[in-house]
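Hydrogens, waters and symmetry mates play no part in the numbers below; they use all other heavy atoms, side chains included. We number each residue from 1, following the sequence as shown. Because the structure is predicted, anything quoted here is derived from the model rather than measured. Start at 1 and go down the list; that is how both ligands and their atoms are numbered.
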Amino acid sequence: MGMVFAGLKIRNIHIHPAHILAPMAGITDTVFRRFIKRLGGCGLIMTEFVSSEGMIRPNFRTQRYLFYQQEERPITAQIFGADPGHLADAARQIEDLGFDIVDLNLGCPAKKVVKCGGSGLLRDLLLLETILKAIRAAVKIPFTIKLRSGWSDNEIVALQVARMAEESGVEALAVHPRTRLQGFSGKARWEIIQQVKLAVRIPVIGNGDVFKPEDALALQKQTGCDAVMIGRAAASNPWIFRQMAEFFAAGTYREPTDSDRYEMIRTYYSMLVAEEIPGAIGKMKQFASWFTHGVRNGTELRRQVQSAKETGEVIDRVDAFFASISPNPGKTEAAVAS
Ligand SMILES: Cc1cc2nc3c(=O)[nH]c(=O)nc-3n(C[C@H](O)[C@H](O)[C@H](O)COP(=O)(O)O)c2cc1C
């Protein structure tokens, strides 16, 4: 197969392989990002989106969003907002914090966010152009954007925005081809990614509805995009990046065994506990609904985690659950069988 998403350069930043973890609020914090990177196959990670308004009056929450460790590099910080001056200030702070890339969110459909940026900016292209130029002028590091296709089916602006971005000095763009009104319903319209790819010279990152390596290959074939970005599938199958690398190199990939899943869940939970993440138990419960997809009798595991009262209890219950479905969870299935 060869050379599918082998690598991408955004100016001086090497993304190798060109597999990108999508920003996901509430999910892609520093712990999750390191967890993903350690599993392999992911060339670039991004922070959750951070409010440029919040960054003017730095508080504990904003500082936590912007915390990262060296092993996470290369790393993009994503900001959102609607005030050109404040966004420029925020971008400067991102650069000063040592991030490799600054990204502007043009996709968030949440009502609270739309009023002050996110996909709301797709309805005000004049303001958007001012913002793109202000951020570009404020920083030297590469500047990227991530957009939905438009506000509604009658207002598809992805091509217009892509051209405007390229002219304003944006160095790559990620397209999630759903509209604001669509939310997460229906399908991502990959043909819009292809149209954007044909319209600009800067790298185009395809995003939306990639759930397995075969989907990533189909996305590349259909759109010619330069990189693939994966969101929801990474939360339920954090091996997807490695699976893509295996698939593109060898045409096949390994499915996780029960014991792989056990170790994955335990590793992530142990990282949350070890790093004394505030609200660790809440994160554990939230993740239980993602991670338990694909686990045999996963509903029971989810129920067990979600009714636990403290983090130690969660881990004990995970241990007990996997011990009950597999006589020897420390070994792979093959080793147990032999
Ligand atoms: C829980 C959740 C939180 C998200 N938060 C962000 C965000 O902070 N910034 C952003 O640009 N997109 C955000 N997104 C959108 C994803 O980055 C991505 O564009 C979308 O999920 C489509 O990709 P997928 O089909 O691979 O999930 C979020 C999506 C989900 C499910």
Side-chain angles (χ1 to χ4, degrees), residues 5 19-30 32-33 36 42 44-52 54-55 61-62 64-66 75-81 87 90 94 101-114 116-122 143-150 158 161 165 170 172-180 182-190 192-193 196 204-216 218-220 223 225 227-238 240-241 243-244 282-283 285-287 289-291 293:
F5 300 131
H19 304 163
I20 302 172
L21 173 65
M24 287 183 286
I27 298 181
T28 57
D29 63 6
T30 177
F32 186 78
R33 294 189 306 254
I36 287 287
C42 182
L44 179 69
I45 53 175
M46 300 178 64
T47 67
E48 308 166 64
F49 68 170
V50 186
S51 159
S52 55
M55 287 176 69
R61 176 179 280 228
T62 312
R64 235 177 51 218
Y65 286 148
L66 292 172
I75 178 168
T76 297
Q78 189 188 61
I79 54 177
F80 76 93
L87 280 161
I94 297 298
I101 300 173
V102 61
D103 183 85
L104 175 67
N105 177 307
L106 298 175
C108 188
K111 277 221 171 73
K112 223 170 72 187
V113 173
V114 162
C116 50
S119 62
L121 288 176
L122 299 175
F143 169 32
T144 62
I145 61 174
K146 176 169 178 290
L147 60 145
R148 281 186 178 246
S149 48
V161 170
V170 168
L173 57 106
V175 185
H176 174 209
R178 280 192 173 85
T179 64
R180 153 65 169 76
Q182 212 182 334
F184 278 93
S185 69
K187 278 178 94 175
R189 290 177 54 194
W190 288 354
I192 293 176
I193 300 174
V196 169
V204 173
I205 299 155
N207 171 232
D209 296 353
V210 172
F211 296 108
K212 49 189 198 307
E214 291 87 338
D215 299 336
L219 173 74
Q220 207 286 331
T223 69
C225 64
V228 57
M229 176 184 278
I230 296 184
R232 290 165 297 169
S236 48
N237 172 19
I240 186 154
F241 298 102
Q243 288 178 331
M244 286 194 294
K283 291 235 161 192
K285 291 182 181 183
Q286 180 197 356
F287 270 90
S289 46
W290 293 104
F291 283 168
H293 290 281

*Heavy-atom pair of closest approach, residues I205 and A172*: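 Closest heavy-atom pair between I205 and A172: CD1-CB, 4.4 Å.
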*List the atom of Q243, the atom of N237, and the distance in Å for their closest heavy-atom pair.*
OE1-ND2, 2.9 Å
_Counting only heavy atoms from other residues, nucleotides and ligands, does the tally under 6.0 Å from CZ of R64 exceed 12?_
yes
*Heavy-atom donor-acceptor pair, E48 side chain to G26 backbone, under 3.5 Å*: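 Judged by distance alone, yes, a pair lies under 3.5 Å.
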Close N/O pairs between ligand 1 and protein, under 3.5 Å:
| unit_1 | atom_1 | unit_2 | atom_2 | d |
| --- | --- | --- | --- | --- |
| ligand 1 | 5 (N) | A25 | N | 2.9 |
| ligand 1 | 8 (O) | F49 | N | 3.3 |
| ligand 1 | 9 (N) | Q78 | OE1 | 2.7 |
| ligand 1 | 9 (N) | N105 | ND2 | 3.1 |
| ligand 1 | 11 (O) | Q78 | OE1 | 3.3 |
| ligand 1 | 11 (O) | Q78 | NE2 | 2.8 |
| ligand 1 | 11 (O) | N105 | ND2 | 3.1 |
| ligand 1 | 11 (O) | K146 | NZ | 3.0 |
| ligand 1 | 12 (N) | P23 | O | 3.4 |
| ligand 1 | 12 (N) | K146 | NZ | 3.0 |
| ligand 1 | 14 (N) | P23 | O | 3.4 |
| ligand 1 | 17 (O) | P23 | O | 2.8 |
| ligand 1 | 17 (O) | K146 | NZ | 3.0 |
| ligand 1 | 19 (O) | K146 | NZ | 2.8 |
| ligand 1 | 19 (O) | N207 | OD1 | 2.6 |
| ligand 1 | 23 (O) | N207 | ND2 | 2.9 |
| ligand 1 | 25 (O) | D209 | N | 2.8 |
| ligand 1 | 25 (O) | R232 | NH2 | 2.7 |
| ligand 1 | 26 (O) | G231 | N | 2.8 |
| ligand 1 | 27 (O) | R232 | N | 2.8 |
| ligand 1 | 27 (O) | R232 | NE | 2.8 |

_Return the OG1 to CG distance between T144 and D103, rounded to the nearest 0.5 Å._
3.5 Å
*Can you name the residues that form a side chain to side chain contact (heavy atoms under 4.5 Å, CB included) with R232, not counting sequence neighbours?*
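Here the qualifying residues are R178, F184, D209, F211, W290.
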